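Take a look at the structure set out below.
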Amino acid sequence: MADYNFKDAVCIDAGRVYDSCCDRDCIEDLRCYFSKENQNLIDDAISVKLKSAEVLNVYVDVEPVNFNRGFYSCDLTFFFLLQLEVFLSPHSLPTDVRGIATFNKKVILFGSEGTAKVFSNLTTVENAPDTQLPETKNSPRCVVQTVDPIALSAKICEEKRHNDNCCCIPKCICDAVGGINLDAECKKNVYVTIGLFTVVQLIRNVQMLVPIYDFCIPEKQCCDNCAADEPCDIFRRIDFPTEDFFPPSITKDCE
């Protein structure tokens, strides 16, 4: 490892994690929704097996907590793509089907306070109009990290459970399984149990003073042809023009 020496301190604008938490949820009896064709298979099935689960998307809504300044409620809606095997008779081969399930989770984290209005512009090409971004607020943003859930179990029930999550599923999520009909009357319903690991962070952009040691100059040379001609060998011996890519900062001493 190279021996770097502290050179200076600079102010940068970066996202600071004000609060975070990790959690594990064993989600039981999560209803699975299917397309019309797959639901017909479920209605005729005698058993199902959950093969895998995947997180398709997470919708995040952040709102301040009343009477608790600096804290925010992070409402998370998970959308899962489930792969199941459907058995239509005791000794038949299974049929693979896909379904959608949703799960709601709420987390309260500290995000501090900030009421500044932020104005900025887009990076534009040379001689192009200087496009202005709309006004924003310096509000914290919620970042959710997760891995694909662990598929634990699945079962068929002829009666609906009271805890069915019948929220509106976006069309882009429904299209992953060819569309679903939330209002359809089903003879049988599938309920799954999955294990979910999550990390939730509340991040706010702040200005921080950090030490710098040197520019991040790549040490590895790009190799196009190892058996290069003599001119290329000469080119490789030329020092990399660091100052052309990273102009030096203004000096503090005035002459």
Side-chain angles (χ1 to χ4, degrees), residues 1-24 55 57-58 60-62 64 69-74 76 107-148 196-255:
M1 182 179 295
D3 184 18
Y4 294 113
N5 296 320
F6 173 77
K7 291 187 176 181
D8 200 356
V10 297
C11 182
I12 65 170
D13 185 273
R16 173 185 171 184
V17 179
Y18 273 81
D19 201 0
S20 63
C21 65
C22 60
D23 203 358
R24 65 170 70 198
V55 179
N57 207 336
V58 183
V60 182
D61 183 35
V62 180
R69 298 178 61 179
F71 284 84
Y72 294 82
S73 173
C74 305
L76 316 176
V107 175
I108 296 179
L109 295 173
F110 177 75
S112 189
E113 297 180 82
T115 57
K117 296 180 180 180
V118 181
F119 302 88
S120 61
N121 69 303
L122 287 171
T123 301
T124 57
V125 296
E126 187 177 359
N127 298 327
D130 192 10
T131 306
Q132 300 296 309
L133 290 173
E135 173 192 343
T136 59
K137 293 183 178 180
N138 186 19
S139 301
R141 66 182 187 273
C142 181
V143 176
V144 181
Q145 301 180 50
T146 183
V147 294
D148 286 337
L196 180 66
F197 295 93
T198 54
V199 174
V200 185
Q201 298 173 319
L202 209 55
I203 300 174
R204 182 188 291 275
N205 271 27
V206 295
Q207 289 72 45
M208 296 182 289
L209 191 67
V210 298
I212 61 171
Y213 298 91
D214 209 340
F215 292 109
C216 300
I217 305 170
E219 297 180 358
K220 182 180 178 181
Q221 293 283 344
C222 298
C223 182
D224 182 32
N225 185 3
C226 294
D229 297 332
E230 183 178 356
C232 292
D233 292 334
I234 298 174
F235 174 77
R236 289 194 180 93
R237 289 195 292 268
I238 299 175
D239 293 335
F240 193 89
T242 304
E243 293 186 356
D244 293 338
F245 288 87
F246 304 98
S249 303
I250 187 171
T251 58
K252 296 182 179 180
D253 298 331
C254 298
E255 298 180 357

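Throughout, residue positions are numbered sequentially from 1 according to the sequence presented. Note that the structure is predicted; figures quoted are calculated from it, not measured.
A pairwise comparison of heavy atoms in V60 and V144 identifies CG2-CG2, 4.0 Å as the closest pair. Contact record, T146 with F197: OG1-O, 2.9 Å, taken as the closest heavy-atom pair. The minimum heavy-atom distance between M208 and A14, with the atom names listed, is CE-CB, 3.7 Å. Across all non-hydrogen atoms, the minimal contact from L202 to C74 is CD1-SG, 3.8 Å. When all heavy atoms of N205 and G15 are compared, the closest pair comes out as OD1-CA, 3.7 Å.
Rounding to the nearest 0.5 Å gives a distance of 12.0 Å between OH of Y213 and CG of D8. With values rounded to the nearest 0.5 angstrom, I203 atom CD1 is found 11.0 Å from D19 atom CG. The CD atom of Q145 sits 10.0 Å away from atom OG1 of T198, with the distance rounded to the nearest 0.5 Å.
No donor-acceptor pair under 3.5 Å is formed between the side chain of R204 and the backbone N or O of Y18. For S20 (side chain) and V200 (main-chain N/O), no donor-acceptor pair under 3.5 Å exists by modelled atom type.
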#### Entry: Criterion side chain to side chain contact (heavy atoms under 4.5 Å, CB included) on C142 and L76, from CA distance to verdict
CA-CA 10 Å; C142 181; L76 316 176; 4.2 Å; yes
### Message
Using the rule given for side chain to side chain contact (heavy atoms under 4.5 Å, CB included), can you reason through Q201 versus L109, listing the C-alpha separation, both sets of side-chain angles and the distance that settles it, and then say yes or no?
### Response
CA-CA 8 Å; Q201 298 173 319; L109 295 173; 5.9 Å; no
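Residues passing the side-chain hydrogen bond (donor to acceptor under 3.5 Å, both in side chains) test with R16: none are found, sequence neighbours excluded.
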